[in-house]
Asker: 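So that we are looking at the same thing, I have put the structure below in structure tokens.
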Number of protein chains: 2
Amino acid sequence: MGAVRKLPPTALPRPSARARILSAAADLARDVGPANLSLDAVAARAGVSKGGLLYHFPAKLDLLEALVGDHLETFDRDLETQQALLGAGPAAALHAYLDVSLADCRKQTPPPAGVLAAIVQHPEMLKPIKHFKRQILDRLKADTGHDATTLVAFLVMEGLRSMKLFDADVLSDEETATAMEALRAMIGRIEEAGGV
Amino acid sequence: MGAVRKLPPTALPRPSARARILSAAADLARDVGPANLSLDAVAARAGVSKGGLLYHFPAKLDLLEALVGDHLETFDRDLETQQALLGAGPAAALHAYLDVSLADCRKQTPPPAGVLAAIVQHPEMLKPIKHFKRQILDRLKADTGHDATTLVAFLVMEGLRSMKLFDADVLSDEETATAMEALRAMIGRIEEAGGV
DNA sequence: TTTACTGTACCGTCTGGACGGTAATGTCAA
DNA sequence: TTGACATTACCGTCCAGACGGTACAGTAAA
């Protein structure tokens, strides 16, 4: 057991145990199903003893909360940087949201599986997620000044996200691109109309 | 134990045990979290002994499969009746899909929670669902002849559905209505353009 | 000495499922 | 019409295993 584990921590800085545990949990959730996540299995995949896992996350709930928290924080940070990058263009917030959501969906190892595990095991963890999404939606509506288009864009991204969440793409990449194009065109139309 | 259960089977035909079990499972999934569905709890809520439950569904997997199967069948049947009702109007299939999806989302006791339980406990159960959705999407695309609009509409409904799936509405009813209106207008535009 | 673990052993609880029984409801020949 | 048997639709109990969590002794680096 644990034979390979003794590389010097200075060379190639192995990701922190905490990070390894989190990503192992997300991977496992995708492999065995979000409902069947066990601490033993997470520890094994992360290359950590069970004692070590419990050192970082004293209870399972703590691990699940971290899974959700990390995801939300990352998304929020990405959103801000992208919005800064786009500057003060028309409907910049909405475009940034589209960009980041799409990029999030494209990540090969989607943390969403971990988030899903958290939600289905402790439904009350939806609350922060709901709150987060609501905030974003309100910000987008304020930014575009055109509710209908914003809502449609928001829902489209939610649809895309839900497919990735379950690791069950129904759409091909081309179809996704087609939909995104139509969406951008729609947004462009409200820009021309002086909506922004 | 089982004291109340002896009403004559002729008066007020209690829903079949099978149906009661299925709806109890869906309700429970929403209450305790889709990952925490246990046969004991389902049996108790359905007013059936565990042995009785196992008689109808020899293994847990069978129950979960029934949950998925029933939902898909119901949706399919609703879709057909609604399409027949709309007749051969322009983009009738898409409008029917919108109607049925929306009605499905409005049901107070959404079976989706049961479907979610099935998926997160046995991810391979996504396959029939994916297949089903893919079929519908292809049918819609063929019917409208306008991929972009169809894809956007499909994704919007998926977004709406995913919110109901988690019992986590971010949108208010008015917002949903606004989005649907915009969607219908979009579809109307391809109808005018002779897309159909 | 403290921090960050490893490794092992263990406990109480819950879960899926097997199993043996049983009451009611047909089915059918005599 | 009746008795014999079969099927259906359950009930109630039991169990092996998995799980979350605890406890603790040891260790290696900073």
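All chains are named by letter (A, B, ...) in the order of the sequence lines, taking the proteins before the strands, and each is independently numbered beginning at 1.
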Asker: Let me know the distance between CG of A/Asn36 and P of D/dG20, rounded to the nearest Å.
Answerer: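 Answer to the nearest Å: 10 Å.
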Asker: Could you list the donor-acceptor pairs under 3.5 angstrom formed by side chains in residues 64-75 of chain A, with sequence neighbours left out?
Answerer:
unit_1	atom_1	unit_2	atom_2	d
A/Asp70	OD1	A/Arg18	NH2	3.4
A/Thr74	OG1	A/Asp70	O	2.8

Asker: Nearest whole Å is fine: how far is C/dT6 P from A/Leu53 CG?
Answerer: 9 Å
Asker: Could you check if a side-chain atom of A/Pro112 sits within less than 4.5 angstrom of a side-chain atom of A/Arg161, using non-hydrogen atoms only?
Answerer: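 Sidechains of A/Arg161 and A/Pro112: no contact.
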Asker: Identify, with sequence neighbours excluded, every residue that meets salt bridge (Lys or Arg N to Asp or Glu O under 4.0 Å) alongside B/Lys130.
Answerer: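 None.
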Asker: Atom CG of A/Asp62 and atom C1' of D/dG21: how far apart are they, to the nearest Å?
Answerer: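 Atom-to-atom, A/Asp62 to D/dG21, this comes out as 12 Å.
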Asker: Please list, chain by chain and in numerical order, all residues satisfying side-chain hydrogen bond (donor to acceptor under 3.5 Å, both in side chains) with A/Asp76, sequence neighbours excluded.
Answerer: none
Asker: Side-chain atoms of residues 78-85 of chain B: list all donor-acceptor pairs with protein atoms under 3.5 Å, sequence neighbours left out, distances to 0.1 Å.
Answerer:
unit_1	atom_1	unit_2	atom_2	d
B/Thr81	OG1	B/Arg77	O	3.2
B/Thr81	OG1	B/Asp78	O	2.9
B/Gln82	NE2	B/Asp99	OD2	3.0

Asker: Would you list the protein and nucleotides 5-9 of chain D atom pairs, both N or O, that sit under 3.5 Å from each other?
Answerer:
unit_1	atom_1	unit_2	atom_2	d
D/dA9	OP2	B/Tyr55	OH	3.1

Asker: Which donor-acceptor pairs under 3.5 Å do side chains of residues 52-63 of chain B form with protein atoms, sequence neighbours excluded?
Answerer:
unit_1	atom_1	unit_2	atom_2	d
B/Lys60	NZ	B/Leu37	O	2.8
B/Lys60	NZ	B/Gln121	OE1	2.8
B/Asp62	OD2	B/Ala59	N	3.1

Asker: The criterion is side-chain hydrogen bond (donor to acceptor under 3.5 Å, both in side chains); which residues satisfy it with A/Asn36, sequence neighbours excluded?
Answerer: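 side-chain hydrogen bond (donor to acceptor under 3.5 Å, both in side chains) list for A/Asn36, sorted by chain: empty.
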Asker: What are the atom names and distances for every N/O pair under 3.5 Å that joins the protein to nucleotides 16-18 of chain C?
Answerer:
unit_1	atom_1	unit_2	atom_2	d
C/dG16	OP1	B/Leu37	O	3.4
C/dG16	OP1	B/Lys60	NZ	2.5
C/dG16	OP2	B/Leu39	N	2.8
C/dG16	N7	B/Lys50	NZ	2.7
C/dG17	OP2	B/Lys60	N	2.7
C/dG17	N7	B/Lys50	NZ	2.8
C/dG17	O6	B/Lys50	NZ	3.0

Asker: For a quick test of your reading: what N or O donor-acceptor pairs under 3.5 Å do the side chains of residues 88-95 of chain B make, sequence neighbours left out?
Answerer:
unit_1	atom_1	unit_2	atom_2	d
B/His95	ND1	B/Arg184	NH1	3.1
B/His95	NE2	B/Glu191	OE2	3.2

